Every structure is written in C-alpha cells, then in structure tokens.
Peer 1: 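Got a structure here, written out as structure tokens. Questions coming.
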Amino acid sequence: MNLDYIIPNDWSIIEEGFDPSHVKASESLFSIGNGAMGQRANFEERYSGPTFQGSYIAGVYYPDKTRVGWWKNGYPEYFAKVLNAPNWIGINVYINDEALDLHNCKSVENFRRELNMREGWLSRSFIATLKNGIKIKVNTKRFLSLDIDELGAINYSVTPLNSNASITYRPYIDSGITNEDTNWDDKFWDTLNVSHENNQAFIQAKTMKTDFYTCTFMESQVFIDGKSILINPNINADSNSASFSYNYEVKQNETYTIHKFGGYTVDRNHDKYELVTAAKSVLEKATKSGFSVLLEAQKNAWSKIWDMADITIDGDVKAQQGIRFNIFHLNQTYLGTDARLNIGPKGFTGEKYGGSTYWDTEAYCIPFYMATKDQSVARNLLTYRYKHLGKAIENAEKLGFTNGAALYPMVTMNGEECHNEWEITFEEIHRNGAIAFAIFNYYRYTGDYSYIPEMGLEVLIGIARFWHQRATFSTDKNKYVILGVTGPNEYENNVNNNWYTNYIAQWCINYTIVNIARIASEFSTDYTRIMNKAKLSKAEIKEWEAIADNMYFPYSEKHNVYLQQDGFLDKELISVADLDKSQRPINQKWSWDRILRSPYIKQADTLQGFYFFEDQFSTEELERHFDFYEPFTVHESSLSPCVHSIQAAKLDRMEQAYTFYLRTSRLDLDDYNHEVHEGLHITSMAGTWMSIVEGFGGMRVKDNTLTFEPRIPKQWDGYSFKVNFRHQILKVNVCQGHTHFELEGNEDLEIVVNDKSVSISPNNLVTV
C-alpha cells in the first residue's frame, strides 16, 4: 500500500482535504466514462499545479511512429495512441477579476471530492480564500450520460461568503491539446473550424493520419439561487478554441450557478459533414431536459447496471468498496453495445499502453461480461477478433509465416500489431492461445455453439496454423519445441519452451481439430464454406496432430513440477520473502538484465495454465505448482493477484486468498504499484470479480452444469453475487455456514454444490 487517503465507504470513493501531491492520483481514481467517452477527474476551473489533463473518445486513435534505438525487421511501424481529445469541461472562474486556482489560493478548506458509484456522478466541494481576500464556497457535480452517450453535464456553483463579488464564468472548448504519452511530439489534431451561435459553440477537428472527424460542443445556462437568468455573454474565439463569458454581480451568500452541457459527435456514428447538426440535436435534448432530469436518468441507468452486476460484502467496508470500484470502472469503460470497440488496459483514465486491445480482454474480461450482461456482449468481443482475422494473418506474414497462419496482435486498434517492444511483439505469442481459449470459454458458459461455425472456426484454424509453423522438431529431444518466447511472465524474455506457451499451443491444435470434426458432422454447409476458404487439407491436419501429440514440456523430477522454461532451475532460487523490501518493486529498482537473470515472476505463468485448464490437473498437482512458483512471484503485474487468489481459495488457503483479493480489488485505490497517477488498471479489474465469483464462490462450468464450492473469508459475514447463466439469472448468497441460491427464470436449474446435485426452481430460496 502506497496511498491511504481514500475514505472507506460502501458506495463512494471519497477524498477529504486538499493535498496537491494527491491531485494526479485522484484524477485517475475519480475518472468517469460512459463507454463512448471518458475523462480524468480534472478540475473544471484553472489549475496551475501538477496535473495530467485527459479526455478520450472511444475508438479514436493516432498511429504514433515507432521510436526505438535499433530497428529490427518485423517491427510495427507505429504504436497506437489513445488520443487526448479536445477539452469540453473547462470553466474558468473569476472572482473580482481574480482567477480561481486552488494551487494559488490563500487557503482551501473543507475540500471534499466524491465519486458516487451507485448513481454515476462526480462531485467536489470546498471553501477557498483567494489572494484578493474574497472567500467563496464552491460545489460542482458532473457526469457522462449513459442514456445519451455523446453528452456530458456539469453543475458548477459559487457562493461568496464574506462580501458581494463580481463573478465571471468562462466556459470554453479547446482543441489545442497535447498527449501526455507521445513518441515524437507530433501534432495529433487538425482543427478544421471553430464556430458559435447563441450559447452554443462547436469545434470541428480531425485526427492526423487516421482522419477521424469529430465535433466538440458546448452550451451553457446560468442561474442565481436556482432561478434561470439571461446574460448575453461576451464571446472569444480563435483558431483552436471558443469561450463565452457570463458575468454577474453576486450578493454575499447568493449562489451563482452554471450548467454546462458538452461532449463529442464522431464520424464513427454520423456523416462527417453532419457532426455539428448531430451536436445541436444532442444539445437540444440536454437543454430541454435540464441538468436535474438528466441526472435522474443517470441514476436510473446505473441502477439497472447494479441490479445485475453488484457484488455485496457484509462486514468489510474496504473489501466492499474495492469490488464496487472495479465493477464501476469496467462498466464505465465498456458496455458491449458496439462490436467495433474493445477494452483498453487504462480505459478512459490514462494513456499508457495506448492500444485498445490486449489478451487481457479474452483472459480476464470476457468472463465478467458473460456473467453480468447478456451473452451478446461477450459475443461482440469475439466478433471483434473475427473481424481482425485478416490483419492477424498479415501480422504473421510480416514475420515469415505463410498459408493463412494468424498471429493476433499484442496491442491493436484495428487488428494490426502496434506494440514496439521486440520481446513482446515477436515473442509473447501465447496471446493467440487466450483468444482460442475465449472461444472455448464462451461456448462452455453460454451453450451458444453458433459462433464457432459462423466465425470462430476460421479463427481457430489460423491460430492452429501459426502453432504448426512456430514449433520446431528437436532431434535431441525427439519432441516438438517452441523456442525464443516470452511467457505471461514478462520478467523472462527469449526463453525456450515456456511451459504455458507449449501447453496452450498443444491445446489450441487439439481444440481446433475437435471443432473441425463437429462442424463436418453437424454443420455441413459451414464446413464446406470454411474448408474451401481456408484450403485446409486432411494432410495438414495430420501434421498438426503430430505436433500436438509430441509437444515437449520441461519438467523437474526433483521438484515434481513442470518448469516455467528450460533454464528456470539454473537461476539462483531466492524467494521473494528473502528479498530485501528496499529492492521492491524490482521493475523500478533493478536493471533489466538483473531482472531477467532472477527467478522472480511478474505474474502467473505456469499457474496461468493451471487456472485456464484446472480440470486437466489434480488438486494435488495444483498445490505442488502453487507452492513452488508463488514464493518467487512479485505480483508486479495488475493481472497477478487475482489468479493467485482464485487458486489459493481452491486450495482452501483462505487467509492467503483474502490477502490477494484485497490486493487486486484495491490495487489502484491503495496504489500498490506506485503508478496510479498514470491511470487505472481496467482489464485487471475483471480479475477482481473473478476472485470472488470463481475464487470464494468456486463457480465453474463442468459438463454443461454450473458448479460451486463456496468459501468465505473469516473477515466477512457474507457476500452475494448474480450470474446470468444461459438466460437464467442465479443469485448466490454465501454466509458463514451456509449458502442461499435464488433463481430468476422460467425453468428449473440443476447445479452442483460441493459435489452434490441441487435443483432450484424459479423464485424459490434454496439453502445448502
């Protein structure tokens, strides 16, 4: 834990007291989004202290030319950057002509910031004394609408406390912005036109290179003590910005308020020549409804999300706050309504890992979206990968692979690889396996096989072809090996025979062959179409089988475990417990060569395979491997604690499972990895959900049946969650000593609890 200023609360993230050293961290933690856009929790008014300004539009990016010291063949030409979009939230505030700036005030008292997760809004309040001696009370509230996802709304109020004051609001929009994360300091935006009429302003701009056309817009209304007043604003516009100035002589203890509506229209959703017209339509809806009506709609929309997605925890406020924080940000980032979009590791909270999609989506996020939304949401995520299959084949061709072999990118916006670290781009090829596993996992959970003949088998064939060509026959071992890879543990690069990579390669080939046979038998039309398109022969499938049947897996007879890679036992095996705490985190304290020579594991690697393929190993095998590898794991990836929490719970090591759960659920709230100021770890947040549902709840799907092995940490009085399993919603409530099950549906559901069959009827409470 490196930060400890967030106040524990069941439904809100709360900060009290103004501390400039916390500003950038809070800008991340209090971020808001609605799936179509998002923004860091920057102040609306001017702030001259250290800040990371950021607003982002889903799917809008820039191909920043790759910058490396030594160019290697096969490098992607660019690294995709999520772009800092034109700013629409700005409201400069002047009190008797002095700018309100918390960095320069005489004093700031009663500062309070709240992110209300239940209702989906961000607020701030404080009392400030300016250098001119005027004391004011400020209250703000803003949200990004779920109902109208191109719209955001701000309520900003100032009350002079010790005298009358001349107060001026200057709401503005500005396209003269830059990215925090850039390789060459390129200009990302080209402003095409700045216009205004009445109380509305518009900036039409497009991205350089990618030519995404956008319109940033705003309209404002002002009030005194809640009553609307008409002020003809002074207008100022230049080549990149537009601002309106609303001045009013405010009496002591009167409250002067501005409602600002703003947002973006984008040519992904509208004709690029009609973006201003579309923006006017959004503003008409906003002003007609007003801030209060829009806020009520926001509360209702979030209520519907929470009704399905909420996890309750009784008796542990920090644990409760942690899981809701994670669920909230997952829903702010992706709602599943647009198959063109995916889930970026930072979502709308920062610019690091600029690409839209990593393997995190398939490995960690799909289970959350399958269980908490309709299965169509998860299917959209799989469709996203199918639509990028052609690009995945091109990516493989650039590295010398042929015959339709597909290598899905480590980082992508449009299917093209855009990650520029060679040990990741060229070597972390296990990502292919996560995509294949997600297809399997989707069918296992939903029972919807239709995706595979319609789309999924083509993906599987491309992936199997890649593994066929990537494996090498070793005459020394008389086995097939996979050389020069990086496994999930990125603290080992260019290793041979990473066990997880070899295992998932074998599994992918076998799973593809099984599905080819099924589709040939049950979906003859699809089978003919796919075989003709892929030009796949029985002889090629036989070659795949030979590789799968003779894959090499490094193993230690001494330790009775699979080895993470061929040379793992050559390392000096000093456990993390014996590593001086001053050396942590090693990724910030050690040189890279020292990390590579060490035994330390960034995240689950061999254990990632035991997580995916748990049913292929005994509990005793899991225990041996957990006991061998976890002591060397530094958990310096956000994806690490959740897998270890699930496996510790499986082994009934509840104290360890609980510790890992707290780490994954409060990774950002407590800033475990010293980096929350850069943005939040969105994709790993789904792992927090899995830690409860799959870890403590023990939920699995076996033989088409939902199974549970419920456990509960001693720190909790109880916990509950819902899952949407094959169009029936099951509520699970685990208490100390027993578990309740309730079913919303039309048919009985057969489940297994602690190896015993249980039948649940709709709307009946069953206690086990």
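What's counted below: heavy atoms across the whole structure, side chains too, no hydrogens, waters or symmetry copies. Values in this document were obtained by computation on a predicted structure and should not be read as measured data.
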Peer 1: Minimum heavy-atom separation for Ile311 to Arg324, with atom names?
Peer 2: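 Minimum heavy-atom contact is O-NE, 4.0 Å.
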Peer 1: Please identify each residue that fulfils side-chain hydrogen bond (donor to acceptor under 3.5 Å, both in side chains) with Asn34, with sequence neighbours left out.
Peer 2: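 Here no residue qualifies.
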Peer 1: Indicate whether any N or O donor in one side chain lies under 3.5 Å from an N or O acceptor in the other, for Thr486 and Glu423.
Peer 2: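 Result is no, nothing qualifies.
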Peer 1: Do Arg113 side-chain atoms and Ala41 backbone N/O form a donor-acceptor pair below 3.5 Å?
Peer 2: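 Checking the backbone N and O of Ala41 against the side chain of Arg113, a donor-acceptor pair under 3.5 Å is found.
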Peer 1: Okay, side chain of Asn116, backbone of Glu119: is any donor-acceptor separation there less than 3.5 Å?
Peer 2: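 Present.
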Peer 1: Scan side-chain atoms only and decide if Tyr5 and Glu16 contain a donor-acceptor pair under the 3.5 Å cut-off.
Peer 2: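 Tyr5 vs Glu16: no donor-acceptor pair found between side chains.
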Peer 1: Taking side chain as C-beta onward, heavy atoms only, is Phe325 less than 4.5 Å from Leu29?
Peer 2: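 Result yes, sub-4.5 Å side-chain heavy-atom pair found.
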Peer 1: Measuring centre to centre across the rings, with the benzene-like ring taken for any Trp, is Tyr491 within less than 6.0 Å of Tyr600?
Peer 2: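 No.
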Peer 1: Closest approach of Leu144 and Gly33, non-hydrogen atoms and distance?
Peer 2: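 What the structure gives for the nearest pair is CD1-CA, 3.6 Å.
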Peer 1: Please enumerate all residues that pass ring pair (Phe, Tyr, Trp, His ring centres under 6.0 Å) together with His430, with sequence neighbours excluded.
Peer 2: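 Ring pair (Phe, Tyr, Trp, His ring centres under 6.0 Å) check on His430 returns Trp359, Tyr500.
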Peer 1: Do Phe368 and Met690 have side chains that get closer than 4.5 Å, going by heavy atoms?
Peer 2: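 A side-chain contact is absent here, since even the closest heavy-atom pair is not under 4.5 Å.
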Peer 1: Side-chain donor-acceptor pair under 3.5 Å between Thr51 and Glu27, yes or no?
Peer 2: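 Indeed, the side chains of Thr51 and Glu27 share at least one donor-acceptor pair under 3.5 Å.
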Peer 1: Any donor and acceptor pair, going by atom type alone, linking the side chain of Asp314 with main-chain N or O of Trp716 inside 3.5 Å?
Peer 2: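 Judged by distance alone, no pair lies under 3.5 Å.
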Peer 1: Asn326 side chain to Gly322 main-chain N or O, any donor-acceptor pair under 3.5 Å?
Peer 2: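 Side chain of Asn326 to backbone of Gly322: a pair is present.
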Peer 1: A cation-pi test, strictly: NZ or CZ of Arg40 under 6.0 Å from the centre of the six-membered ring of Phe52 and no more than 45 degrees from its axis. Yes or no?
Peer 2: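 Yes - Arg40 lies over the ring of Phe52, closer than 6.0 Å to its centre and within 45° of its axis.
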Peer 1: Please lay out, stage by stage, how Gln320 and Tyr719 fare under the test side-chain hydrogen bond (donor to acceptor under 3.5 Å, both in side chains).
Peer 2: CA-CA 9 Å; Gln320 177 69 85; Tyr719 64 97; over 6 Å; no
Peer 1: Measuring only between side-chain heavy atoms, which start at C-beta, is Thr606 closer than 4.5 Å to Phe568?
Peer 2: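 The answer is no, as the side chains (C-beta and beyond) never meet within the 4.5 Å cut-off.
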Peer 1: Could you state the interatomic distance from CD (Glu614) to CD (Glu621), rounded to the nearest 0.5 Å?
Peer 2: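 Here the rounded value is 12.0 Å.
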Peer 1: Between Asn497 and Asp566, is there a donor-acceptor pair closer than 3.5 Å when you use the side chain of the first and the backbone of the second?
Peer 2: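 Flag not set: sc Asn497 to bb Asp566 has no pair under 3.5 Å.
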Peer 1: Is it the case that Thr361 and Tyr334 place a side-chain donor and acceptor less than 3.5 Å from each other?
Peer 2: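 Looking only at side-chain atoms, Tyr334 and Thr361 do not form any donor-acceptor pair under 3.5 Å.
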Peer 1: For Tyr503 and Asn498, does a side-chain donor sit closer than 3.5 Å to a side-chain acceptor?
Peer 2: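 Distance-only check fails for Tyr503 and Asn498.
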Peer 1: Quick check against the 3.5 Å criterion: does Asn9 have a side-chain atom that pairs as donor or acceptor with the backbone of Gln321?
Peer 2: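 Checked: no pair found.
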Peer 1: Looking at CZ of Arg385 and CD1 of Ile435, how far apart are the two atoms once the value is rounded to the nearest 0.5 Å?
Peer 2: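 Here the rounded value is 3.5 Å.
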Peer 1: Flag this pair as yes if the NZ/CZ of Arg118 is under 6.0 angstrom from the six-membered ring centre of Trp302 and inside a 45 degree cone about the axis; otherwise no.
Peer 2: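 Arg118 over Trp302 ring: no.
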Peer 1: Sequence neighbours left out, what passes ring pair (Phe, Tyr, Trp, His ring centres under 6.0 Å) with Tyr562? Give chain and number order.
Peer 2: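 Checked Tyr562 against ring pair (Phe, Tyr, Trp, His ring centres under 6.0 Å); matches are Trp499, Tyr555, His625.
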Peer 1: Just jot down the ring pair (Phe, Tyr, Trp, His ring centres under 6.0 Å) partners of Tyr47, sequence neighbours excluded, or say none.
Peer 2: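 Expected list: Phe43, His103.
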Peer 1: Give a yes or no on whether the backbone of Tyr364 and the side-chain of Asp360 come within a donor-acceptor separation of less than 3.5 Å.
Peer 2: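 No.
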Peer 1: With no hydrogens and no angle check, just 3.5 Å: does a side-chain donor-acceptor pair link Thr664 and Thr688?
Peer 2: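 Result is yes, a qualifying pair exists.
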Peer 1: Between Leu579 and Ile586, does the side chain to side chain contact (heavy atoms under 4.5 Å, CB included) criterion hold? Intermediate values first, please.
Peer 2: CA-CA 10 Å; Leu579 180 65; Ile586 63 171; 3.9 Å; yes
Peer 1: Taking the six-membered ring for Trp, are His388 and Tyr408 closer than 6.0 Å centroid to centroid?
Peer 2: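 That pair fails the under 6.0 Å test.
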Peer 1: Would you compute the distance between atom CG of Leu115 and atom CH2 of Trp11 and round it to the nearest 0.5 angstrom?
Peer 2: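 Going from CG on Leu115 over to CH2 on Trp11, the span is 12.0 Å.
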Peer 1: Short question: side chain of Ser575, backbone of Phe632 - any donor-acceptor pair under 3.5 Å?
Peer 2: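 Pair absent, no side-chain N/O of Ser575 close to backbone of Phe632.
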Peer 1: Check the side chains of Tyr384 and Thr357 for a donor-acceptor pair under 3.5 angstrom, ignoring hydrogens and angles.
Peer 2: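 There is such a pair (donor and acceptor under 3.5 Å, judged by atom type) between the side chains of Thr357 and Tyr384.
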Peer 1: Hey, what's the ring geometry for Phe613 with Phe437, parallel, tilted or perpendicular (30° and 60° as the breaks)?
Peer 2: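 Answer is perpendicular, since the angle exceeds 60°.
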Peer 1: Donor-acceptor pair, distance only, cut-off 3.5 Å: does the side chain of Thr412 make one with the backbone of Pro409?
Peer 2: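 Pair absent, no side-chain N/O of Thr412 close to backbone of Pro409.
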Peer 1: Using a 3.5 Å distance criterion without hydrogens, assess whether the side chain of Gln588 forms a donor-acceptor pair with backbone atoms of Asn673.
Peer 2: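 Looks like yes, one N/O pair under 3.5 Å.
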Peer 1: With distance as the sole criterion, is a donor-acceptor pair present between the side chains of His635 and Ser640 under 3.5 Å?
Peer 2: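 Yes, because at least one side-chain N or O of His635 sits under 3.5 Å from a partner of the opposite role on Ser640.
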Peer 1: Could you note down all residue pairs passing salt bridge (Lys or Arg N to Asp or Glu O under 4.0 Å) where residues 579-590 supplies at least one of them, sequence neighbours left out?
Peer 2: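 For residues 579-590, and leaving out neighbouring residues, the salt bridge (Lys or Arg N to Asp or Glu O under 4.0 Å) pairs sorted by first residue read Arg584-Glu636.
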Peer 1: Measure the spacing between CG of Leu639 and CD of Gln608 and express it to the nearest 0.5 Å.
Peer 2: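 If I round to the nearest 0.5 Å, the distance is 8.0 Å.
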Peer 1: Salt bridge between Arg124 and Glu114, side-chain N to carboxylate O under 4.0 Å?
Peer 2: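 Glu114 and Arg124: not salt-bridged.
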Peer 1: Check whether the side chains of Gln647 and Arg653 place a donor and an acceptor atom closer than 3.5 Å, and report yes or no.
Peer 2: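 On atom types as modelled, these side chains do not qualify, holding no pair under 3.5 Å.
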Peer 1: Please list, chain by chain and in numerical order, all residues satisfying ring pair (Phe, Tyr, Trp, His ring centres under 6.0 Å) with Trp121, sequence neighbours excluded.
Peer 2: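 With neighbours one apart ignored, the set is empty.
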